[in-house]
Amino acid sequence: MKHALPTDAVPAWDGSVAKARALQTELAAKLRLVDDRPPLRLIAGVDVGFEEEGAVTRAAAVLLDAVTLAPLAEVIARLPTRMPYIPGLLSFRELPALLEALEQLPATPDLVFVDGQGIAHPRRLGIASHLGVVTDLPTIGVAKSILVGVHQDVGMLRGDRVPLHYQDEVIGCVLRSKDKVRPLIISPGHRVSMQAAPELVLACCTKYRLPEPTRLADRLASRRDRRR
DNA sequence: GCGACAG
DNA sequence: ATCTTGTCGC
């Protein structure tokens, strides 16, 4: 995907949670939650896994045809793990490897599905939003569980959804991606509206709970493709 | 002060 | 996230 991504967009971890949070608030001010995206031709899915007892961070990026959802390319990036997992600061741990993987893709995607929250975050900067702001790529957060926020019960059928609320605001939605499966937590990352996010995700959900981009990236990152 | 807490 | 096979339910 050309040579234009900021692989140094995430500062080295110095142990200061307060400093990291301040940077998140600063970056969140640059979010644009509007549909100013180019026509959808290529969609990417990215996810992270670990090797060597967590010492190595392994990021996977998959590029698919937006219409047929057929995979066009798969790449993997490995970087030494810099910091531990701290709720609310996930991007500082996983973003460096993710950017490296995106860089290796043969083309720039028109939209990126990220495993984790978009703006459904205490300071509105989950990993999907963080990735979007530093690359200016359109992103959507596709999480398997909630970080913050509350919601009413969701219908049991594919497509059913309810808003996710946090401090008097709607920060995303809880979406049933398939009949009778645990719902996904969807939130805009960057350059995608609150209304479009769940629609785009649903359009990529075929016969599994996870949308194709994230499902394929998930398999690669967790090396579930190699082992039985 | 106590509990919650993406991956 | 990760350690891990078969198994219960739709």
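Numbered from 1 within each chain, the chains take letters A, B, ... in sequence-line order. None of these values were measured; they are calculated from a predicted model.
- At a threshold of 4.0 angstrom between heavy atoms, the contacts of A:Gly88 include nucleobase atoms, whether or not backbone atoms are also involved.
- An OP1 or OP2 oxygen of B:dC5 is reached within less than 4.0 angstrom by no side-chain nitrogen or oxygen of A:Ser145.
- Rounded to whole angstrom, the span from the CD atom of A:Glu53 across to the P atom of C:dC3 amounts to 9 Å.
- At a threshold of 4.0 Å, the pair A:Arg58-A:Glu94 does not count as salt-bridged, since none of the basic side-chain nitrogens sits closer than that to a carboxylate oxygen.
- In this structure, A:Arg124 pairs ionically with A:Glu169, as a charged nitrogen and a carboxylate oxygen lie closer than 4.0 Å.
- Look at CZ on A:Arg93: it is 13 Å from P on B:dG7, rounded to the nearest Å.
- Distance, A:Gln117 CD to B:dA4 C1': 14 Å, rounded to whole Å.
- In this entry the distance linking CD1 of A:Ile127 with P of B:dA6 reads 13 Å, nearest Å.
- Between A:Arg41 and A:Asp110 there is no salt bridge, since no side-chain nitrogen of the basic residue lies less than 4.0 Å from a carboxylate oxygen of the acidic one.
- In this structure, A:Leu95 atom CG and B:dA6 atom C1' are separated by 14 Å, rounded to whole Å.
- Dashed line: the shortest gap from a side-chain N or O of A:Lys144 to OP1 or OP2 of B:dG7 is under 4.0 Å.
- As a whole-Å value, the separation of A:Ile146 CD1 from B:dG3 P is 21 Å.
- Looking at heavy-atom distances under 4.0 Å, A:Asp179 makes no contact with the nucleic acid at all.
- The side chain of A:Lys180 places no N or O atom within less than 4.0 Å of a non-bridging phosphate oxygen (OP1 or OP2) of C:dG9.
- We find that CG of A:Leu98 is positioned 14 Å from P of C:dA1, with the value rounded to whole Å.
- With rounding to whole Å, A:Leu184 atom CG is found 13 Å from B:dA6 atom C1'.
- At a threshold of 4.0 angstrom between heavy atoms, the contacts of A:Leu89 include nucleobase atoms, whether or not backbone atoms are also involved.
- Looking at the side chain of A:Leu147, the nearest of the listed nucleotides B:dG7, C:dA1, B:dA6 is B:dA6.
- A salt bridge links A:Asp115 to A:Lys144: one of the charged nitrogens lies within less than 4.0 Å of a carboxylate oxygen.
- Contacts of A:Phe50 with the nucleic acid, taken as non-hydrogen atoms under 4.0 Å apart, involve only primed sugar atoms and P, OP1 or OP2.
- Ion pairing between a basic and an acidic side chain is recognised when a charged N comes within 4.0 Å of a carboxylate O; A:Asp218 and A:Arg224 show such pairing.
- Residue A:Gly126 is in base contact, counting any heavy-atom pair closer than 4.0 Å across all strands shown.
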